[in-house]
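Worksheet: one structure, shown below.
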Amino acid sequence: MAGSGSKPGDDNRKEILEKTCDTLRYMAEAGCTGFDCPEKIIDVVKNLDRNLTSASDDLKELRSRLGDCQRCKLCKERTNIVFGTGDPDARLVFVGEGPGYDEDQQGEPFVGKAGQLLTKIIEAMKLTRKQVYICNIIKCRPPGNRNPAPDEIKACFPFLDGQLDAIKPDYICALGTFAAQTLLDTVEPISRLRGRLFNLRGIKVMPTYHPAYLLRNPEKKRDVWEDMKKLMSMMDA
Ligand code: URA
């Protein structure tokens with residue numbers, strides 16, 4: 001499992017960026033004032049620069065952009081924004097639905113009863129909460145734990161998108177109907193989605209049942225373990 005810090009290829013990108021800057025400086029000194037540079041190349045250069053920032057810095061920047069978020073009505077009753085926790089360089093991200101009572105109180109995802117079960121699942125995978133990243137589709141608790149409304153998801157989704165952009169995980173485990181359907185933009189039921197592998201912008205997505213559902217239906221734990229075994233064997237391959 002990757003640790004925190006720079007990503008593979010950073011040294012190479014840094015060298016390319018420095019050489020590009022040297023060349024541009026040299027050309028400017030030689031009197032060149034304009035460049036016929038295609039958009040595509042400008043994007044590559046911009047990305048070289050962007051990729052030099054660490055995932056941890058990108059997440060911190062994203063969290064500060066979220067600020068004391070008032071983008072939707074959930075801000076009125078929340079206690080804490082529950083942004084996410086874990087390794088910014090994680091290969092595996094767990095995405096749940098939204099904070100419940102305990103998460104809202106503590107500002108950390110999956111710390112209540114369902115969270116304790118998720119922690120057990122992670123540990124059964126021979127991982128720790130610190131080695132993965134855990135977050136939710138929405139960052140504030142819906143009153144009475146109701147399902148998030150479409151306008152709330154719309155307001156919050158860019159921040160999940162930003163988290164995935166920063167972390168660049170290889171795998172996402174989508175926990176439950178809501179996370180799976182939102183991430184995969186589908187209305188297929190979780191019973192049909194679970195255990196199958198999907199692709200989200202190059203990230204492999206494995207939906208499985210939500211731990212809160214497992215607390216009500218313990219006989220489904222076997223299915224989740226099958227899904228996690230598939231995930232582990234792909235990650236180890
Ligand atoms: N359920 C979720 O979907 N997310 C949490 O953080 C806690 C419970």
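Counting starts at 1 for both ligands and their atoms, in listed order.
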What pair of heavy atoms forms the shortest contact from Pro99 to Asn136, and how long is it?
N-ND2, 3.9 Å
Which pair of heavy atoms, one from Ala114 and one from Pro211, lies closest together, and at what distance?
O-CB, 3.4 Å
So, [X] and [Y], do they make that salt bridge, N to O below 4.0 Å?
{"X": "Lys220", "Y": "Glu226", "result": "no"}
{"X": "Asp151", "Y": "Lys73", "result": "yes"}
{"X": "Glu108", "Y": "Arg129", "result": "yes"}

At a heavy-atom distance under 4.0 Å, which protein residues reach ligand 1? Sort them by chain and number, would you?
Gly96, Glu97, Gly98, Glu103, Pro109, Phe110, Asn136, His210
Same cluster or not: are Ile134 and Leu215 linked, directly or through other Ile, Leu, Val, Met, Phe, Trp or Tyr residues, by side-chain heavy atoms under 4.5 angstrom apart?
yes
